[in-house]
Amino acid sequence: MNSSVPTIQPPAVWEKLLDGRFDSKHPGRTLWNLFSDQRGRVAAAVTLFIIKQSPGSLLPLAVGMIIDALTKGGEGAFQKILWIAGVYFLLLLQNPLVHTSFVRLMSGALRHMQFNLRSALVERLQQLSITFYEEKQTSALQTKLLRDVDAIDGLCRHLMHTGLNGLLVITYVTVIALVKQPLLALYFLVTVPAGVALLKLFDRRFKEQYKAMRIETEQMNARVGEMLQMLPVTRAHGLESIETRSVRGVFERIRERGLQVDTLTEFFASSSWFTFMCFQLACLVFSAWLVIQHRISIGDAVMYHTYFGMLIGAVQQFLSVFPALAQGADAVRSLGEVLEAEHLERNDGKPSAPVPLSGEIIFENVTFNYPRGREVALKEINLHIKAGETIAFVGESGAGKSTLVNLAIGFRQPTIGKIFLDGHDLRELDLRTYRRQIGVVPQTTLLFNGTLRENVTYGLEKISEDLLWKILADANLAEFVRALPQGLDTPLGESGTQLSGGQRQRLAIARALVRDPRIVILDEATSALDTESERLVQEALVRLTTGRTTLIVAHRFSTIRHAHRVIVLHGGKIVEQGTHAELLAREGHFFRLAQLQSVTTNQT
Ligand code: ADP
């Protein structure tokens, strides 16, 4: 046994990043809070934005002043115009540099927020209990991680560019109008309540549509993911056209919903355009009347009119943020489903499991029913698994084998009763410290895109070359790896070298061995292997399980024979237990199962 297996360090830096800052019921506040560690940057960006926009904002003022200088005429008129042009040129000069600095600051703040949000989501996804994943499809979760975070990012960008510009112009124009002609300022201010009234009119429908659109998109992604996973089955049964039709049905719904959203957005935009153009027309007439009454100059009239045009553009810009705002708010609510999910596995503050474990597991009167299960999955299980013992669980499909093993890993908690690990109630332990001492060999070996070495050492660092080769030898994999041209550095996974069923199983055994676990959980693969492969796997398994507590969901007789004890489950209850030979001699439940299996084995 290797004594110096490195442990995995839990991440600490971003662990508490979003603590208390995320509240999906208040998307606005949440957005604000997401930038709480970036406020300095945001304030600097806003200041630079005001400076960089000044040439655009002050242009009508300059034009008005030039027209007035021209209409008044006189000696110093041209000189005055040159002065105005000179000052304006200086304003123009600062723009490129200030604009670039603004973008850097703003983008920095946004990217940081995006990073925080995604990190927090991933962290939370790693903490949620298995029940959460049963209720949510992987592709839907992926949509949240990618699309919803992008939607929030998009909203913030929109707010910072368009929204800020709109707000800035509204403020400028109001101030200039107030200074120059308070009567006109009042007229300007009417446009704001008009905008608010328009928003109110559309508010509910926007929220409804964006929520529906998001749910449809999540469903579409989930359905496409499912289709890709089912592809071999679909093709094998010649169901291509049925599957295509079904997926197209989902696309159809997206098309219709998308059309509704687009229509609503554009109807809103054109309604606001119409309203404000009417205001502009009225403003033109009003300022002409003021000129005729000699209350303002022609230069002022031109300036007011240009400013009013800008104001209307700004209010419209401001309103255009609204659909993105509704979308962003919905994305915040959507992320809340993960960040505020209640199916949390609470480990913080609980004591660690003893290191190293001796590996004794006791089930004390354990009953378990699934939240949505119709029947009780396990009934009054009393079982004492001694340290170092190998136990095989057998029984028909649905008998409760996997449930029992999942309870032992702590993926689920007993509905009634308790499970003790080395004398400690499993509920009271930090399960992460316990699971670091478990080696799991699942039914199907999942490989990720990486080298063979990375796939074996998964998550562990600094495994020496010698140790790794020893483990590969114990897993009966060394010869195979040595024969590969790239050896340990052969790429595996989707785009890498394909492994046979037996090789995959031995790789899973190596992955468990490298952790030097105190407890081994083995969900035996059901697929049949040829005799030679089976022998290699069985040998490797014996090396993995010797001296370790082992729980096997057993399908093969070769494994059952090696077990110290066989537990026979039926309808969630333990109906028999003993050694393989004892149970066969008893001619009870196990005997019948064994007979059934030998019939099937002989047939294949
Ligand atoms: P086995 O591993 O022996 O085939 P399981 O432990 O998977 O049996 O299942 C035991 C019982 O619990 C079965 O009746 C099954 O239908 C039910 N069950 C399993 N998983 C779930 C689940 N996630 N939700 C509801 N019922 C479940």
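Every number for a ligand or one of its atoms is a count from 1 in the order of the listing. The residues of the chain are indexed from 1 along the displayed sequence. In this text, all values refer to a predicted model and were calculated from it rather than measured experimentally.
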Among Y370, F393, F368, closest by any non-hydrogen atom to atom 27 (C) of ligand 1 = Y370
query = For ligand 1, which atoms sit closer than 4.0 Å to a heavy atom of E396?
reply = 3 (O)
key: Rounded distance (nearest 0.5 Å) linking atom CZ of R245 with atom CD of E243   = 11.0 Å
query = In terms of side-chain geometry, is the basic nitrogen of E252 or R248 positioned less than 4.0 Å from the acidic oxygen of its partner?
reply = no
remark   = ligand 1 atoms nearer than 4.0 angstrom to some heavy atom of T403 are 5 (P), 6 (O), 9 (O), 10 (C)
query = Which one of I471, L467, I509, L472 satisfies the side-chain contact (heavy atoms from CB on, under 4.5 Å) criterion with V514?
reply = I471
query = Touching ligand 1 at all, G400? Heavy atoms, strictly under 4.0 Å?
reply = yes
message = Does only the side chain of E375 get under 4.0 Å from ligand 1, or the backbone, or both, or neither? Count heavy atoms.
response = neither
query = Of all the atoms in ligand 1, which lie at a distance below 4.0 Å from a heavy atom belonging to S397?
reply = 4 (O)
Charged N-O contact under 4.0 Å between E532 and R535 = yes
query = Quick one: which ligand 1 atoms are inside 4.0 Å of a heavy atom on A377?
reply = 11 (C), 12 (O)
ask   = Hey, are H384 and E360 close enough side-chain-wise for a donor-acceptor pair under 3.5 Å?
value = yes
query = Between T217 and R257, does any side-chain donor sit less than 3.5 Å from a side-chain acceptor?
reply = no
